[in-house]
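Only one structure is covered here, and it is reproduced in the block below.
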Amino acid sequence: MAERPEDLNLPNAVITRIIKEALPDGVNVSKEARRAISQAASVFVLYATSCANNFAMKAKRKTLNAGDVLAAMEEMEFEQFLEPLREALEVYKKGQKGKREVSEQKRKDKEKKNDSENDKSREEDEEEEEERMEEEPEAENEVEEEEEEVEN
Amino acid sequence: MKMSQNTSDKDEQSSSNKKNISLPISRVRLIMKSSPDVSSINQDALFLTTKATELFVQHLALSSFNKGSGKETNSLSYSDLAHTAEETETFHFLTDILPKKILASDYLKSLEQMQDEDADY
């Protein structure tokens, strides 16, 4: 739950960058227009969430999944987003898998150097992390970032 | 995107993966969770919603610019957005937060005109 109302806004700098990338070079976007687009984006998230949630509820599921979001896009008549979204999801999934493989490899390398007896407990930790990822993506990202810092 | 590289160079792939979305997933999740009916959201759904929001921002900005009055002056204004929300069916859900504005000066002018018309009679 959001503590403050401003938590429900998306970061202006990022929104501004996305707008600039979408428009031809040198288009001036007024401050008012940028704020309006940012608010529109938040409303879009809520609208999409509500539509996706309806699909999940119909299927008697508690967790929103990718299919629910895609179905929501269709219902909202943003069919043109479906293809780019599917492609992006593919790339994202491969990236996630790749990252996991990399971190597993790093762990194994480390273990070989340090102590081979830790192997089993490490693997158990890994499984726990993967489970947690479903609910708490941040938690896993943080873990991985910390690891990267340690490695580098 | 460059999917073929994923086995050869994982570091490069994960850095291009970061560029895949620019909006913070954590913030999008916060907005999604502010909806009372939503109990949990899986990682893929979260990613897709974030990506869709980016596509939406591009789509809203571009169609407002293309339809708007600012093409000659190379600018995008609030009224272009309000116009798009009103005219385009897929953006209708935005009319509440993008109401058409009327300037006080325009309002006063139309008031004056009405008074002038009244005076003519």
Side-chain angles (χ1 to χ4, degrees), chain A residues 1-2 7-8 10-11 14-15 17-19 21-23 26-30 32-33 36-37 39-50 52-53 62-66 68-70 73 76-78 81 84-85 87-95 98-99 101-102 133-135 137-138, chain B residues 1 3 6 10-11 13-14 16-17 20-35 37-49 51-62 64-65 70 73-78 80-82 85 89-90 93-94 96-98:
Chain A
M1 272 288 158
D7 286 342
L8 298 183
L10 293 158
V14 185
I15 293 287
R17 179 152 39 95
I18 297 170
I19 299 170
E21 279 166 10
L23 296 176
V27 174
N28 181 45
V29 183
S30 76
E32 205 182 12
I37 293 177
Q39 285 170 346
S42 290
V43 171
F44 173 84
V45 173
L46 288 171
Y47 183 28
T49 305
S50 151
N53 200 50
K62 278 193 173 173
T63 306
L64 294 191
N65 65 27
D68 296 329
V69 177
L70 292 173
M73 290 302 123
M76 292 161 78
E77 290 178 34
F78 288 114
F81 293 174
L85 284 178
E87 281 167 23
L89 184 63
E90 275 302 299
V91 175
Y92 174 71
K93 277 181 168 174
K94 287 204 168 140
K99 262 200 234 164
E101 279 163 12
V102 168
M133 199 186 71
E134 294 290 306
E135 296 280 328
E138 256 66 58
Chain B
M1 294 199 186
M3 277 185 264
N6 66 335
K10 275 162 188 161
D11 280 344
Q13 207 236 351
S14 68
S16 75
N17 190 47
N20 205 353
I21 44 171
S22 25
L23 284 170
I25 283 197
S26 56
R27 184 59 60 93
V28 173
R29 188 175 50 173
L30 205 62
I31 300 172
M32 292 176 86
K33 289 251 178 171
S34 77
S35 174
D37 305 328
V38 175
S39 43
S40 65
I41 308 148
N42 85 11
Q43 178 81 355
D44 290 350
L46 202 52
F47 170 82
L48 280 181
T49 308
K51 185 73 192 171
T53 308
E54 293 189 9
L55 294 173
F56 168 79
V57 167
Q58 291 171 354
H59 184 45
L60 176 61
L62 197 58
S64 301
F65 177 70
T73 54
N74 235 10
S75 62
L76 178 64
S77 67
Y78 177 88
D80 297 329
L81 296 165
E89 207 177 319
T90 48
F93 70 96
L94 297 172
D96 283 349
I97 60 142
L98 282 170

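Every chain is numbered from 1 and lettered A, B, ... according to where its sequence line falls, protein lines coming before strand lines.
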Chain B contacts, top residue of [options] (heavy-atom pairs, under 4.5 Å):
{"options": "A:P11, A:A33, A:A48", "result": "A:A33"}
{"options": "A:L70, A:V43, A:D68, A:I19", "result": "A:V43"}
{"options": "A:P84, A:G26, A:A40", "result": "A:A40"}

> Who pairs with B:Y78 by ring-ring contact (aromatic ring centres under 6.0 Å, His included), at least two apart in sequence or on another chain?
Replying inline: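 Expected list: none.
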
> For A:F81, what residues pass the ring-ring contact (aromatic ring centres under 6.0 Å, His included) criterion, not counting sequence neighbours?
Replying inline: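 By the ring-ring contact (aromatic ring centres under 6.0 Å, His included) rule, A:F81 matches A:F78, B:H59.
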
> B:L60 versus chain A, heavy atoms under 4.5 Å apart: side chain, backbone, both or neither?
Replying inline: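 The side chain, not the backbone.
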
> Heavy-atom distance under 4.5 Å to chain A: side chain of B:L48, backbone, both or neither?
Replying inline: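 For B:L48, backbone and side chain are both near chain A.
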
Is [Y] close to [X] at the side-chain level, that is, under 4.5 Å between some pair of heavy atoms?
{"X": "B:M32", "Y": "A:L64", "result": "yes"}
{"X": "A:L10", "Y": "B:I31", "result": "yes"}
{"X": "B:L62", "Y": "A:L23", "result": "yes"}
{"X": "A:N53", "Y": "B:S35", "result": "no"}
{"X": "A:K93", "Y": "B:F47", "result": "no"}

Identify which part of [X] has an atom lying under 4.5 Å from any heavy atom of chain B, answering side chain, backbone, both or neither.
{"X": "A:S42", "answer": "both"}
{"X": "A:N65", "answer": "both"}
{"X": "A:F44", "answer": "both"}

Quick one: [atom1] on [X] to [atom2] on [Y], what's the gap to the nearest 0.5 Å?
{"X": "B:L30", "Y": "A:L8", "atom1": "CG", "atom2": "CG", "value": "6.0 Å"}
{"X": "A:T63", "Y": "B:Q43", "atom1": "OG1", "atom2": "CD", "value": "13.0 Å"}
{"X": "A:M73", "Y": "B:T49", "atom1": "CE", "atom2": "OG1", "value": "6.0 Å"}
{"X": "A:Q39", "Y": "B:L94", "atom1": "CD", "atom2": "CG", "value": "10.5 Å"}

> Given B:S34, which of A:V45, A:T49, A:L46 fulfils the side-chain contact (heavy atoms from CB on, under 4.5 Å) condition?
Replying inline: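 In the set A:V45, A:T49, A:L46, the residue that makes a side-chain contact (heavy atoms from CB on, under 4.5 Å) with B:S34 is A:L46.
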
Might you point out which heavy atoms bring [X] and [Y] nearest each other, and give the distance in Å?
{"X": "A:L85", "Y": "B:A52", "answer": "CD2-N, 3.5 Å"}
{"X": "B:T90", "Y": "A:M76", "answer": "CG2-O, 4.0 Å"}
{"X": "B:S22", "Y": "A:V14", "answer": "O-CG1, 3.4 Å"}

>> Looking only at side-chain N and O atoms, does A:S30 offer a donor or acceptor that is under 3.5 Å from a partner on B:S77?
In response: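 Note: B:S77 and A:S30 side chains miss the donor-acceptor criterion.
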
